[in-house]
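One structure below.
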Amino acid sequence: MGTKIIGIGHYVPERVVTNNDLAKVMETTDEWIQARSGIKERRYGSDDQSTSDLAYEATQAALKSAEVGKDSIECIILATLSPDHMFPGSAVFLQEKLGLAGVPAMDVRTQCSGFLYSLSVAKAYIESGMYKRVLVVGAEVHSKGLDFSNEGRDVAVLFGDGAGAVILEQSDSTDDGILDISLGADGKYAKDLWVPAPGTAFKKWFEPGMAEERLLFPQMNGRKVFQMATTMMEKLARDTLLKHNLTEQDIDLVICHQANARIIEFVRKSLEWDQSKFFINIDRYGNTTAASIPIALSEALLQEKVKPGSKVLLLAFGSGFTWGSALISL
Ligand code: UT7
């Protein structure tokens with residue numbers, strides 16, 4: 001039994017925020033941001049848009065692409081680090097918006113690797129026979145949780161809002177769909193990219209002083225992330241190819257988590273692969289964390305960079321640190 005992808009869709013909010021827009025509120029420049037990250041602009045949701053709203057729009061696009069009705073979905077998995085509320089998870093808010101009362105709905109919290117971790121859960125459910133059709137969504141609203149002061153500028157300029165979704169279905173064939181997924185994590189790096197508070201590691205879950213100490217904002221050891229991301233994504237690519245006895249020629253497209261164009265270029269150069277094999281859209285969206293891979297996959301299809309039958313290698317790395325790769329055949 002296999003798991004095939006029958007629909008892919010994405011949604012990004014209308015509001016475009018350029019690097020020059022950010023330079024009006026913090027000490028930064030378009031040159032600095034582009035040179036360090038390859039980002040030119042990103043999208044920010046409106047005040048009344050939450051993560052589950054973006055996830056809902058991406059789901060509608062995926063359902064349309066799959067040409068199936070929502071009522072056939074048997075399970076909802078939503079990857080996000082920017083939930084609508086602390087609890088319950090945002091998947092139940094998405095479920096309610098979709099009108100799918102009774103369908104199991106859960107969040108996966110593995111940040112930039114969230115989409116691949118979610119795919120692995122869906123694949124396991126489907127191939128164990130538990131569910132036949134599963135919705136997997138990656139969605140983020142970062143714009144409401146960033147520190148736009150000079151102290152937060154290293155992180156704030158990198159992130160954007162968006163959502164991507166896939167519909168997965170049980171299949172008799174193991175030759176197409178999600179062929180393989182590998183996952184990993186190393187918690188000793190947990191504090192190299194994190195939002196410390198609120199949380200039960202503190203004496204009180206929340207105290208007003210946490211805001212003043214900037215504990216509510218993402219904090220990042222940028223150099224450590226860069227070094228580990230490049231090392232791990234190259235290793236994931238090499239290991240996947242070796243395991244499946246494939247070469248660069250067998251892969252039609254590589255979709256890396258869009259964290260930073262320099263990270264992707266570093267990985268590409270280390271692998272000595274052609275530039276045309278690597279999909280890039282970080283210039284327009286910034287880092288959308290769990291949403292970045294499904295948004296890229298959806299755009300790659302729309303731009304006809306891939307078509308049914310194409311083999312795609314997905315690579316993710318991020319906070320945790322967590323990482324993963326997936327080999328898929330569309
Ligand atoms: O999913 C994971 C997402 N995270 C990433 O992908 C991050 C990976 N890391 C990186 O890409 C890089 O480490 C950064 C782009 C975050 C930073 O680049 P860097 O070359 O490591 O810069 P840096 O942190 O060493 O900072 C260089 C300078 C500093 O000024 P001084 O101390 O040299 O005077 C920073 O204060 O750049 C300054 N700086 C900025 N300047 C303008 C930091 N952020 C900004 C900014 N605009 N937004």
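Counting starts at 1 for both ligands and their atoms, in listed order. Just so it is clear, the values below take in all heavy atoms, side chains as well, and ignore hydrogens, waters and symmetry mates. Remember, predicted model here, so these are calculated numbers, not experimental data.
Heavy atoms of other residues, nucleotides or ligands lying less than 6.0 angstrom from CZ of Phe266 number 12 at most. Other residues, nucleotides and ligands place more than 12 heavy atoms under 6.0 Å from the NZ atom of Lys277.
Note: Trp323 and Phe317 have parallel aromatic rings, judged against thresholds of 30 and 60 degrees for the angle between ring planes. Using bins of under 30°, 30° to 60° and over 60° for the plane-to-plane angle, the ring pair Phe278/Trp273 lands in the perpendicular bin.
Aromatic pair His85/Phe93: centroids less than 6.0 angstrom apart.
Annotation: ligand 1 has protein neighbours Glu27, Thr28, Trp32, Arg36, Cys112, Arg153, Asp154, Val157, Leu193, Met220, Gly222, Arg223, Val225, Phe226, His257, Ala259, Asn260, Ile263, Asn287, each with a heavy atom less than 4.0 angstrom from the ligand.
Side-chain contact check for Val17 versus Arg15: some heavy-atom pair is nearer than 4.5 Å.
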